[in-house]
J.: 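To start, I am sharing the structure in question, which I have written as structure tokens.
Computed from a predicted model, the values in this text were never measured in an experiment. Throughout, protein chains are lettered first and strands after them, A, B, ... in sequence-line order, and every chain is numbered starting at 1.
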Amino acid sequence: MLIRELIAQSVITAIRAAQAEGALPAFEVPPVNVEHPRDPRLGHYATNIALHLARAAKLPPPRIAEIIARFVDHPAFTAEAVNGFVNFRFTPAFLASQVAHILEQGERWGDLDLGKGRKAQVEHGSANPTGYATLGTGRNVVIGDTLANTLEAAGYEVHREWYVNDAGSQVRVFGESVFARYAQALGRDEPMPERGYLGEDVAEVGRTIAEREGERFLHMPREEAVRAVGQIGIELVMARIRQTMTRLNVRYDNFFSEKSLWTSGLGYELIERLRAKGLVVEHEGALWFTEDGSPIRKGQAQKRSDEEYAEANAEAPSGPLPVQAVLIRSPAVIPNPEERPTYFASDIPYLWHKVVIRGFNPAIYVWGEDHQGDVPRLYAAARALGISEEAVRIVIYRFITLMRGSEEVRMGKRKGNALLIDDVLDEIGTDAFRYIMLSRSVDTKFSFDIALLREQNEKNPVYYIQYGHARICSIEAKAQEEQWALDPSAPLRYDHPAELALIAKLLELPEVVHLVATSLQPHHYTTYAREVAQAFSKFYEECRIKGAPPDQAFARLQLARATRITLAKTLRLMGMSAPERM
RNA sequence: GCCCCUAUAGCUCAACGGAUAGAGCGUCGGCCUCCGGAGCCGAAGAUCGCAGUUCGAGUCUGCGUAGGGGCACCA
């Protein structure tokens with residue numbers, strides 16, 4: 001149980017006891033909100049319950065708070081009424097016992113039992129295999145991987161998956177681009193396709209194929225050659241992406257092929273199932289999904305400019321319209337059968353495969369903000385398939401604005417000017433990269449200045465956190481080497497404010513894991529890790545270990561160890577290393 | 001036109017409806033006989049605007065302003 005839940009319970013018990021003795025009138029006890037006071041001098045926790053009870057109890061809040069504080073009875077903390085709040089302070093004995101608890105938990109410290117062994121999936125990365133992994137994908141995978149780590153710590157059995165968009169017309173355009181580069185590498189005068197992929201990565205893939213395979217594809221029918229070269233291209237790109245992910249300390253259990261959803265027949269099977277429910281209809285030669293079975297609205301099937309939307313919707317009622325989207329394109333428009341299912345059409349069997357076939361609950365999607373419009377569609381698909389909406393959780397993160405000095409650089413894979421993860425890692429390394437990606441909340445857009453990379457790297461707070469960890473390792477080693485006088489027989493005791501503040505900070509770890517696991521907002525770790533490192537620095541500054549009386553030296557060394565465990569765990573959750581020296 | 005997201009210190013970001021809005025970087029000023037100074041202490045500096053709900057609003061609601069994304073037989 002989290003400590004805040006413990007406190008909430010003792011408050012409820014206190015209120016009931018007060019009611020039983022007639023100190024408070026009878027009323028239904030509302031949920032008790034327990035939080036950290038902003039000012040740590042007020043205590044470790046506080047509740048505002050008295051402010052909420054004023055009406056029900058027909059008493060002024062400060063009076064209620066006093067009564068509750070008087071009836072709170074728990075060995076771990078004391079209660080005090082201030083300003084209508086009830087503030088709680090851990091007893092030094094309890095804090096000392098928690099240091100022992102952390103040491104005993106070791107690597108399991110911070111773990112929760114939220115998942116109760118249920119299977120959860122985090123699908124992240126999933127960029128089109130039409131080029132090497134870019135900065136945008138970097139934000140995606142760092143968020144996804146950290147969430148996966150978190151759910152694991154929270155007691156879920158976690159599956160990590162990359163969805164390979166190996167179907168659709170982009171793959172063909174990519175294949176043609178690779179083929180052109182391949183032919184060019186062999187000295188042929190082959191033009192790049194229209195809207196082809198102009199990046200150096202695609203050129204490199206073309207050259208690699210030329211080196212490995214020679215001219216054999218030049219002697220095949222072109223259509224066949226493009227397909228074969230495109231397939232090899234995807235494999236080469238995915239191989240490189242896997243390398244990049246390894247470098248980023250992001251691992252996957254599976255790479256799931258979009259194409260397989262159609263070659264297995266699952267996609268068509270589900271379309272028939274939905275058709276039977278009247279949710280799939282034919283319209284102008286294409287197959288459409290219509291959330292409520294209503295007829296397809298006019299003019300749905302074209303892209304429009306902002307002005308055209310404005311005009312088309314001038315008379316439309318306010319609020320979102322029922323979801324309608326093409327699943328299978330009309331043969332009259334798209335002749336190639338492989339390109340007929342749309343991206344959304346694949347989402348339906350993919351969701352089914354995740355939740356119904358593989359039993360993931362929740363299935364978490366990490367999507368860039370360009371997919372924000374797909375959210376209602378995915379939920380509509382879930383409802384149509386009879387899948388609980390709670391099983392589907394979607395994290396939308398904002399894009400990165402790439403700056404060079406004060407100038408914004410528009411990135412594009414197709415244009416070939418996208419910044420690759422590998423290039424950034426060459427400059428700043430995995431830990432700093434992950435820290436930067438994690439330090440902003442997912443729905444905050446942030447700018448990434450390549451001109452300042454080096455400078456930002458040196459000042460990256462991750463080093464401060466790791467420094468704290470390394471410093472503790474060094475102290476522990478020195479204590480052993482120099483045989484400091486330590487007395488492990490005395491009970492642990494702490495009374496210095498810096499010691500007590502540090503312990504209280506360490507005790508927040510399970511709460512932070514809980515917060516990240518439920519909010520799916522991994523940036524909270526960066527703040528927390530920094531606070532722990534800061535509390536340790538202060539402790540280090542003010543409380544000498546070496547040379548203290550043997551019982552106190554031992555207690556402080558144990559506290560340093562508990563800090564090391566907490567820092568290491570937090571770094572590990574964020575996918576960063578916890579170095580023993582720097 | 002409709003939908004989603006964002007606006008907090010000079011810059012980059014925190015803050016689960018609570019008490020004096022916190023950090024980092026930058027600026028200014030202190031601190032190394034001592035377990036690692038990648039540190040510690042201090043100063044200046046902020047909630048886009050107008051209403052509303054609430055005992056209490058950076059946080060919720062409405063309107064406005066500014067920015068990003070979406071509204072495809074693209075992926």
Side-chain angles (χ1 to χ4, degrees), chain A residues 4 33-39 42 46 48 51-52 54-55 60-61 82-85 87 128 130 165 167-171 258 284-288 300-304 306-321 325-330 332-334 339-340 342-344 346 368-376 396 398-399 401 436 439-441 443-447 449 455-456 458-461 463-464 466-468 470-471 474-475 478-479 482 484 511 515 518-519 523-524 526-527 530-531 534 537-538 540-542 544-547 553 556-557 560 581-582:
Chain A
R4 66 188 336 150
N33 180 31
V34 178
E35 65 200 1
H36 295 279
R38 266 194 185 145
D39 185 344
L42 292 169
N48 55 11
L51 296 159
H52 286 291
R55 196 161 299 166
V82 181
N83 273 344
F85 290 84
N87 297 338
N128 291 347
T130 53
N165 302 117
S169 65
Q170 288 314 300
V171 172
E258 178 184 3
E284 293 175 352
L287 278 189
W288 288 71
Q300 278 275 78
Q302 330 142 17
K303 180 172 172 61
R304 280 163 281 185
D306 286 359
E307 294 72 32
E308 286 164 336
Y309 280 119
E311 201 181 323
N313 286 338
E315 311 278 304
S318 175
L321 297 163
V326 170
L327 298 174
I328 307 291
R329 301 179 179 100
S330 160
V333 179
I334 305 284
E339 293 177 11
R340 264 186 224 137
T342 59
Y343 177 87
F344 173 58
S346 297
E369 61 179 325
D370 56 335
H371 282 82
Q372 159 257 110
D374 298 338
V375 173
I396 299 284
R398 293 284 302 267
F399 283 149
T401 317
I436 291 170
S439 59
R440 282 96 166 147
S441 108
D443 43 27
T444 304
K445 153 199 101 115
F446 75 91
S447 25
D449 192 332
E455 196 186 324
Q456 282 179 349
E458 283 160 18
K459 292 166 185 157
N460 196 306
Y463 300 119
Y464 175 67
Q466 292 179 322
Y467 177 75
R471 201 189 224 174
S474 160
I475 293 169
K478 199 150 279 185
E482 298 177 358
W484 295 355
E511 266 169 42
L515 178 61
T518 51
S519 70
H523 71 275
H524 291 111
T526 59
T527 312
R530 193 161 214 305
E531 286 169 357
Q534 215 153 31
S537 280
K538 191 147 197 172
Y540 177 84
E541 209 56 42
E542 297 184 19
R544 302 269 313 162
I545 301 170
K546 186 181 180 178
R556 287 180 171 174
L557 195 57
R581 67 183 72 80
M582 296 172 69

J.: Taking the same atom, C1', in B:C41 and in B:C5, what whole-Å distance lies between them?
T.: 40 Å
J.: Can you tell me if A:Tyr309 is stacked onto the base of B:C71, using a 5.5 Å centroid cut-off and an angle below 30°?
T.: yes
J.: Taking atom NE2 of A:His36 and atom CD of A:Glu511, what is their separation to the nearest 0.5 Å?
T.: 3.5 Å
J.: Return the nearest nucleotide to the side chain of A:Ser447; candidates are B:G56, B:U12, B:C73.
T.: B:U12
J.: Within the modelled atom types, does a donor on one side and an acceptor on the other bring the side chain of A:Arg38 and the base of B:G17 under 3.5 Å apart?
T.: no
J.: Hey, is the side chain of A:Arg471 poking within less than 4.0 Å of OP1 or OP2 on B:G39, counting only N and O atoms?
T.: no
J.: So, under a plain 3.5 Å distance rule, would you say the side chain of A:Ser474 forms a donor-acceptor pair with the base of B:G36?
T.: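 When only heavy-atom distances are counted, A:Ser474 does reach the base of B:G36 through a donor-acceptor pair under 3.5 Å.
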J.: Checking only heavy atoms, does the side chain of A:Asp39 share a donor-acceptor pair with the base of B:A21 at less than 3.5 Å?
T.: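 Under the 3.5 Å cut-off, the side chain and the base do not form any donor-acceptor pair.
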J.: Name the nucleic acid region contacted by A:Gln534, choosing base, sugar-phosphate or nothing; use a 4.0 angstrom heavy-atom cut-off, strictly under.
T.: sugar-phosphate
J.: Base, sugar-phosphate, or nothing for A:Trp288, non-hydrogen atoms under 4.0 angstrom?
T.: sugar-phosphate
J.: Rounded to the nearest 0.5 Å, what's the gap from CG on A:Asp374 to CD1 on A:Ile396? Could you check?
T.: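 Between atom CG of A:Asp374 and atom CD1 of A:Ile396 there are 8.0 Å.
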J.: Starting at CZ of A:Arg4, measure out to CD of A:Glu35 and round the result to the nearest 0.5 Å.
T.: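 Those atoms lie 8.0 Å apart.
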J.: Select base, sugar-phosphate, or nothing to describe what A:Gln300 touches, counting heavy atoms under 4.0 Å on all strands.
T.: sugar-phosphate
J.: Using atom C1' in both nucleotides, what's the gap between B:C71 and B:C13 to the nearest angstrom?
T.: 31 Å
J.: Heavy atoms under 4.0 Å, any strand shown: does A:Ser519 hit a base, just sugar-phosphate, or nothing?
T.: nothing
J.: Looking at every strand, decide which applies to A:Arg544 at a 4.0 Å heavy-atom threshold: base, sugar-phosphate, or nothing.
T.: base
J.: Would one find a side-chain N or O of A:Thr401 under 4.0 angstrom from OP1 or OP2 of B:G68?
T.: no
J.: Counting the atoms with a prime plus P, OP1 and OP2 as sugar-phosphate, which does A:Ala167 contact under 4.0 Å by heavy atoms, base, sugar-phosphate, or nothing?
T.: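 Counting heavy atoms under 4.0 Å across all strands, the contact made by A:Ala167 is with sugar-phosphate only.
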J.: Looking at every strand, decide which applies to A:Arg556 at a 4.0 Å heavy-atom threshold: base, sugar-phosphate, or nothing.
T.: nothing
J.: Could you say whether A:Asn33 or A:Glu531 is positioned toward the 5' end of RNA chain B, judged by the nucleotide with the nearest heavy atom to each?
T.: A:Asn33
J.: Is the phosphate of B:C74 approached by A:Arg329 (side-chain N or O, under 4.0 Å from OP1 or OP2)?
T.: yes
J.: With a 3.5 Å cut-off and just heavy-atom distances, do the side chain of A:Gln372 and the base of B:G69 make a donor-acceptor pair?
T.: yes
J.: Supply the atom-to-atom distance A:Arg340 CZ to A:Ile328 CD1, rounded to the nearest 0.5 angstrom.
T.: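 Nearest 0.5 Å value for the CZ-CD1 distance: 8.5 Å.
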J.: Taking any heavy-atom pair under 4.0 Å as a contact, classify A:Tyr464: base, sugar-phosphate, or nothing.
T.: sugar-phosphate
J.: Give one of base, sugar-phosphate or nothing for A:Ala46, where a contact means two heavy atoms less than 4.0 Å apart.
T.: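 Touches a base.
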J.: Counting heavy atoms from C-beta on, name the nucleotide in B:C35, B:C55, B:U6 closest to the side chain of A:Ile475.
T.: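 Of B:C35, B:C55, B:U6, B:C35 is nearest to the side chain of A:Ile475.
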J.: If you go through the side-chain atoms of A:Asp306, does one of them form a donor-acceptor pair with the base of B:C71 closer than 3.5 Å?
T.: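 When only heavy-atom distances are counted, A:Asp306 does reach the base of B:C71 through a donor-acceptor pair under 3.5 Å.
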J.: So does A:Tyr467 get a side-chain nitrogen or oxygen closer than 4.0 Å to the phosphate oxygens (OP1/OP2) of B:A38?
T.: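 So the side-chain polar atoms of A:Tyr467 do come within 4.0 Å of the phosphate oxygens OP1 or OP2 of B:A38, strictly under.
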J.: Both A:Lys459 and A:Val326 contact RNA chain B. Which one's nearest nucleotide lies toward the 5' end?
T.: A:Lys459
J.: Mind checking the C1' distance from B:G58 to B:U6? Whole angstroms is fine.
T.: 14 Å
J.: Closest approach to the side chain of A:Ser169, judged atom by atom: which nucleotide of B:C16, B:C74, B:C41 is it?
T.: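 My answer, after comparing the listed nucleotides, is B:C74.
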J.: Side chain of A:His523: nearest nucleotide among B:G37, B:A14, B:A19?
T.: B:A14
J.: Can you see if the side chain of A:Tyr463 gets near the phosphate of B:G24 - specifically, an N or O under 4.0 Å from OP1 or OP2?
T.: no
J.: With a sphere of 6.0 Å drawn around CD of A:Glu542, does it hold more than 12 non-hydrogen atoms of other residues, nucleotides or ligands?
T.: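 Result for CD/A:Glu542: enclosed.
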J.: How about A:Arg581: does its CZ atom have over 12 heavy atoms from other parts shown lying under 6.0 Å from it?
T.: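 No - once you tally the heavy atoms of other residues, nucleotides and ligands closer than 6.0 Å, there are 12 at most.
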J.: Should B:C32 be called syn or anti, with syn set as within 90° of 0?
T.: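 Base orientation: syn.
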J.: Look at the side chain of A:Arg398 against the base of B:C5 and say whether a donor-acceptor pair falls under 3.5 Å; ignore hydrogens and angles.
T.: yes
J.: Could you tell me whether the side chain of A:Arg398 and the main chain of A:Glu369 form a donor-acceptor pair under 3.5 Å?
T.: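 A pair under 3.5 Å: no.
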J.: Does the side-chain ring of A:His371 lie flat on the base of B:A75, meaning centres under 5.5 Å and planes less than 30 degrees apart?
T.: yes
J.: Which heavy atom of A:Leu557 sits nearest to which heavy atom of A:Ile475, and what is that distance?
T.: CD1-CG2, 4.0 Å
J.: If you measure from the ring centre of A:Phe85 to the centre of the six-membered ring in the base of B:A19, is it under 5.5 Å, with the planes under 30° apart?
T.: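 Yes.
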J.: Measure from the side chain of A:Lys478, starting at C-beta and using heavy atoms only, and say which of B:G39, B:G36, B:A75 lies closest.
T.: B:G36
J.: When you measure from the side chain of A:Tyr540, which nucleotide among B:C16, B:G37, B:A75 comes out closest?
T.: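 That would be B:G37.
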J.: Looking at B:A19, B:C74, B:A15, which one has an atom nearest to any side-chain atom of A:Gln170?
T.: B:C74
J.: According to a strict under-4.0 Å criterion, is A:Thr444 in side-chain N/O contact with OP1 or OP2 of B:A14?
T.: yes
J.: By the 4.0 Å heavy-atom rule, please label A:His524 as base, sugar-phosphate, or nothing.
T.: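 Contact class for A:His524: sugar-phosphate only.
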